[in-house]
**Student:** 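Here it is: the structure, laid out below.
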There are 2 protein chains.
Amino acid sequence: MGKYDCLKLETQLCFPLYVCSKEIIRKYKPYLDPLGLTYTQYIAMMVMWERKKVNVKELGERLYLDSGTLTPLLKKMEEKGLVRRERSSEDERVLDVVITDEGMALREEAVKVPMAMKSCVTLNMEEAKLLYDVLGKIIQDIRE
Amino acid sequence: MGKYDCLKLETQLCFPLYVCSKEIIRKYKPYLDPLGLTYTQYIAMMVMWERKKVNVKELGERLYLDSGTLTPLLKKMEEKGLVRRERSSEDERVLDVVITDEGMALREEAVKVPMAMKSCVTLNMEEAKLLYDVLGKIIQDIRE
DNA sequence: ACAATTTAGATTGTACACAATTTAATTTTG
DNA sequence: CAAAATTAAATTGTGTACAATCTAAATTGT
């Protein structure tokens, strides 16, 4: 037990978390490329498919992203014709993001992605549930 | 059970993994700022403190990062005086990264970081071990 | 009502992260 | 041994991510 053992990569929980996140996102790439989506755009579309219309603040809260990330992301998604960005008429500060027909249509292609990804990782239901719960707990902890 | 349930954010394992990684790294910031390190530089220093000298390829394998990320990272760390970058004399293609005295000295400050971080997350030993093992398994899986 | 404050997004600047390409050095092969 | 292939880093280009600041609109306090 050296004084500096706590600074070894293997004793860190954060490092495998960081690697795992990165590597899984990289694994998505071949499945998302045909859809013309990056991973971040994909999770943004997940919210759009479900909600149809959300403002930037709501989207940021859902995705844990701020306007510095979302503004350019949403502009690109608008260029691709997936969403429209329009100021709320009730409150001019608010920007509503509305899914287009084209964006909605992309869902048909996207349903194949989770299935394809699942086959990359051999976690049983129990482990998956456990991981999901622990991650949720950490996220809660960190946000006080 | 809708046809599109698999595209809901809550059914994804990857999303909490992504959020968790991001938020923990953000949590490091106030502890790493006084050391003048970013998170990526911090994990690179962890390898340096342990190995003293590694080449870019080895470092990349350990950190799961490529030269596109490491080259600029190591140049910044050299500017800060934490490491030296020098071509291997045996093989001119290889770039050795060698820790400096100053880099070595920084370890004294850094030992406080893991302790400080630990108090942010209230995982018991059992949960931590479990998380660590499952993450390791996923990383293995993904790398075939 | 109106100045002060708060709020929602946008902008700016810095730092990864990675795919794809390039360059130079070393190995392998015919 | 010389050409072909491989390898290690560096470079280029795109896309996040986030802190800090800015701007404009809405809300609050007096």
Side-chain angles (χ1 to χ4, degrees), chain A residues 14-15 18-30 32-33 35-45 54-80 83 85-97 142-143, chain B residues 14-15 18-30 32-33 36-45 54-80 83 85-97 142:
Chain A
C14 185
F15 180 65
Y18 156 81
V19 171
C20 205
S21 166
K22 244 165 33 94
E23 296 303 310
I24 291 188
I25 288 171
R26 189 224 297 271
K27 203 80 181 176
Y28 268 102
K29 192 170 165 23
L32 294 180
D33 274 350
L35 310 190
L37 294 176
T38 63
Y39 179 72
T40 315
Q41 289 166 10
Y42 174 61
I43 57 174
M45 285 307 293
V54 278
N55 64 48
V56 173
K57 180 183 158 67
E58 290 165 341
L59 188 60
E61 282 167 357
R62 192 80 186 83
L63 300 180
Y64 296 80
L65 293 171
D66 70 4
S67 69
T69 302
L70 288 176
T71 296
L73 190 83
L74 292 169
K75 283 181 180 174
K76 273 172 220 152
M77 289 169 65
E78 184 170 48
E79 277 171 34
K80 292 184 208 188
V83 298
R85 299 163 63 249
E86 45 198 38
R87 287 284 157 190
S88 162
S89 47
E90 301 134 55
D91 187 336
E92 283 289 329
R93 289 172 306 182
V94 172
L95 187 79
D96 286 324
V97 185
I142 264 178
R143 292 258 155 173
Chain B
C14 184
F15 179 65
Y18 156 81
V19 171
C20 205
S21 167
K22 244 166 31 96
E23 295 302 311
I24 290 188
I25 288 171
R26 189 224 297 272
K27 203 81 180 174
Y28 267 102
K29 194 170 163 25
L32 294 180
D33 274 351
L37 294 177
T38 63
Y39 179 73
T40 315
Q41 289 167 9
Y42 174 61
I43 58 175
M45 285 306 293
V54 277
N55 63 49
V56 173
K57 179 183 157 69
E58 291 165 341
L59 188 60
E61 282 167 358
R62 192 80 185 83
L63 299 180
Y64 295 81
L65 293 172
D66 69 6
S67 68
T69 303
L70 288 175
T71 297
L73 189 83
L74 292 168
K75 283 182 179 174
K76 274 171 221 154
M77 288 168 65
E78 184 170 48
E79 277 172 32
K80 292 184 208 188
V83 297
R85 298 162 63 251
E86 45 198 38
R87 288 282 157 192
S88 162
S89 47
E90 300 134 55
D91 186 337
E92 283 287 332
R93 288 173 305 182
V94 172
L95 187 80
D96 285 324
V97 185
I142 265 178

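So that the names make sense, note that chain A is the first sequence line, chain B the second, and so on, each numbered from 1.
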**Student:** Which nucleotide, in any strand shown, forms a Watson-Crick or G-U wobble pair with D:dG29, with both distances under 3.5 Å?
**Tutor:**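 D:dG29 is paired, partner C:dC2.
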**Student:** Using the rule given for salt bridge (Lys or Arg N to Asp or Glu O under 4.0 Å), can you reason through A:R62 versus A:E58, listing the C-alpha separation, both sets of side-chain angles and the distance that settles it, and then say yes or no?
**Tutor:** CA-CA 6 Å; A:R62 192 80 186 83; A:E58 290 165 341; over 6 Å; no
**Student:** Under 4.0 Å: is that the gap between some side-chain N or O of B:K75 and OP1 or OP2 of D:dT11?
**Tutor:**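 Affirmative; the distance criterion is met.
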**Student:** Starting at NZ of B:K57 and ending at C1' of C:dA25, how long is that distance when rounded to a whole Å?
**Tutor:**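 In whole Å, C:dA25 C1' lies 15 Å from B:K57 NZ.
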**Student:** Do side-chain atoms of B:R87 reach the backbone of B:D96 as a donor and acceptor pair under 3.5 angstrom?
**Tutor:**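 Checked: no pair found.
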**Student:** Counting just side-chain N and O atoms, does A:K76 come under 4.0 Å of either OP1 or OP2 of D:dT16?
**Tutor:**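 True: A:K76 side-chain N/O within range (under 4.0 Å) of D:dT16 OP1/OP2.
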**Student:** Under 4.0 Å: is that the gap between some side-chain N or O of A:Y18 and OP1 or OP2 of C:dA17?
**Tutor:**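 Checking A:Y18 against C:dA17: at least one side-chain N or O falls below 4.0 Å of OP1 or OP2.
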**Student:** Any donor-acceptor pair, under 3.5 Å, between the side chain of B:S67 and the base of D:dA8, if you only look at N and O atoms?
**Tutor:**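 Such a pair does not exist between side chain and base.
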**Student:** Looking only at side-chain atoms of B:L95, point me to the closest of C:dA17, D:dA10, C:dT26.
**Tutor:**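 The nucleotide sitting nearest to the side chain is D:dA10.
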**Student:** So, for B:L63 and B:A44, which heavy atoms are closest and what is the spacing to 0.1 Å?
**Tutor:**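 Nearest heavy atoms, B:L63 then B:A44: CD1-CA, 3.8 Å.
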**Student:** Need to verify one output field. Residue with the more 5' nearest nucleotide on DNA chain D, A:P72 or A:E90?
**Tutor:**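 The answer here is A:P72.
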**Student:** Rounded off to whole Å, could you give me the CG-to-P distance for the B:L70 and C:dC16 pair?
**Tutor:**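 Spelled out: CG on B:L70 to P on C:dC16 is 10 Å.
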**Student:** Contact class for B:T69 vs. all strands (heavy atom < 4.0 Å): base, sugar-phosphate, or nothing?
**Tutor:**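 If one applies the 4.0 Å heavy-atom cut-off, B:T69 turns out to touch a base.
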**Student:** OP1, OP2 of C:dA10 versus side-chain N and O of A:R85: anything below 4.0 Å?
**Tutor:**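 True: A:R85 side-chain N/O within range (under 4.0 Å) of C:dA10 OP1/OP2.
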**Student:** Roughly, in whole Å, what's the span from OH in B:Y42 to C1' in C:dA15?
**Tutor:**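 Checked: the OH to C1' distance equals 19 Å.
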**Student:** Are A:N55 and A:D91 close enough that some pair of their side-chain heavy atoms sits under 4.5 Å apart?
**Tutor:**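 They are not in side-chain contact.
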**Student:** May I have the step-by-step check of salt bridge (Lys or Arg N to Asp or Glu O under 4.0 Å) for A:E78 and A:K75, ending in yes or no?
**Tutor:** CA-CA 5 Å; A:E78 184 170 48; A:K75 283 181 180 174; over 6 Å; no
**Student:** Taking all non-hydrogen atoms of both residues into account, name the closest pair between B:Y18 and A:S21 and its distance.
**Tutor:**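 Reported closest heavy-atom pair: CA-OG, 3.4 Å.
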**Student:** Measure from the side-chain heavy atoms of B:D91 and tell me the nearest of C:dG9, C:dT11, C:dT26.
**Tutor:**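 The answer is C:dT26, which lies nearest to the side chain.
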**Student:** When the distance from CG of A:D33 to C1' of D:dT14 is rounded to whole Å, what number comes out?
**Tutor:**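 Going from A:D33 (CG) to D:dT14 (C1'), I get 12 Å.
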**Student:** When the distance from CG of B:D96 to P of D:dA9 is rounded to whole Å, what number comes out?
**Tutor:**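 In whole Å, D:dA9 P lies 8 Å from B:D96 CG.
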**Student:** Given atom CZ of B:R62 and atom P of D:dA8, what is their separation to the nearest angstrom?
**Tutor:**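 My rounded result for the distance is 18 Å.
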**Student:** What integer distance in Å separates A:L65:CG from D:dT16:P?
**Tutor:**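 Rounding to the nearest Å, CG of A:L65 and P of D:dT16 are 10 Å apart.
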**Student:** State the pairing partner of C:dT11; accept Watson-Crick or G-U wobble contacts with both distances under 3.5 Å, and report none otherwise.
**Tutor:**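 D:dA20 - that is the nucleotide pairing with C:dT11, both distances being under 3.5 Å.
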**Student:** Any idea which of D:dC18, C:dT11, D:dA9 is nearest the A:T71 side chain?
**Tutor:**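 In terms of side-chain proximity for A:T71, the closest of D:dC18, C:dT11, D:dA9 is C:dT11.
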**Student:** Can a side chain N or O of A:T38 be found less than 4.0 Å away from OP1 or OP2 on D:dT16?
**Tutor:**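 Yes, within the criterion.
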**Student:** Classify A:L73 by what it touches in the nucleic acid, base, sugar-phosphate, or nothing, heavy-atom distance under 4.0 Å.
**Tutor:**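 Sugar-phosphate: the residue A:L73, judged by heavy atoms under 4.0 Å, touches backbone atoms but no base.
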**Student:** Reading DNA chain C from 5' onward, which residue's closest nucleotide shows up sooner: A:R26 or A:R93?
**Tutor:**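 Whichever sits nearer the 5' end wins; that is A:R93.
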**Student:** Output the single nucleotide from C:dA10, D:dC18, C:dC16 whose closest atom is nearest the side chain of B:Q41.
**Tutor:**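 The answer is C:dC16.
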**Student:** Please tell me if B:R87 has a side-chain N or O lying less than 4.0 Å from either OP1 or OP2 of D:dA10.
**Tutor:**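 For D:dA10, OP1 or OP2 has a side-chain N or O of B:R87 closer than 4.0 Å.
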**Student:** Specify the residue among A:K29 and A:N55 whose closest nucleotide of DNA chain C lies further upstream toward the 5′ end.
**Tutor:**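 The residue closer to the strand's 5' end, by nearest nucleotide, is A:N55.
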**Student:** Run the numbers on A:E79 and A:K76 for salt bridge (Lys or Arg N to Asp or Glu O under 4.0 Å), then give the verdict.
**Tutor:** CA-CA 5 Å; A:E79 277 171 34; A:K76 273 172 220 152; over 6 Å; no
**Student:** With a cut-off of less than 4.0 Å, is there a side-chain N or O of A:K22 near OP1 or OP2 of C:dC16?
**Tutor:**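 No, A:K22 has no side-chain N/O under 4.0 Å of OP1/OP2 on C:dC16.
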**Student:** Using atom CG of A:D66 as one end and atom P of C:dT7 as the other, report the distance to the nearest whole Å.
**Tutor:**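 Between P of C:dT7 and CG of A:D66: 17 Å.
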**Student:** Within the 4.0 Å heavy-atom criterion, would you say B:E58 contacts the bases, only the backbone, or no part of the nucleic acid?
**Tutor:**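 Here B:E58 touches no strand at all.
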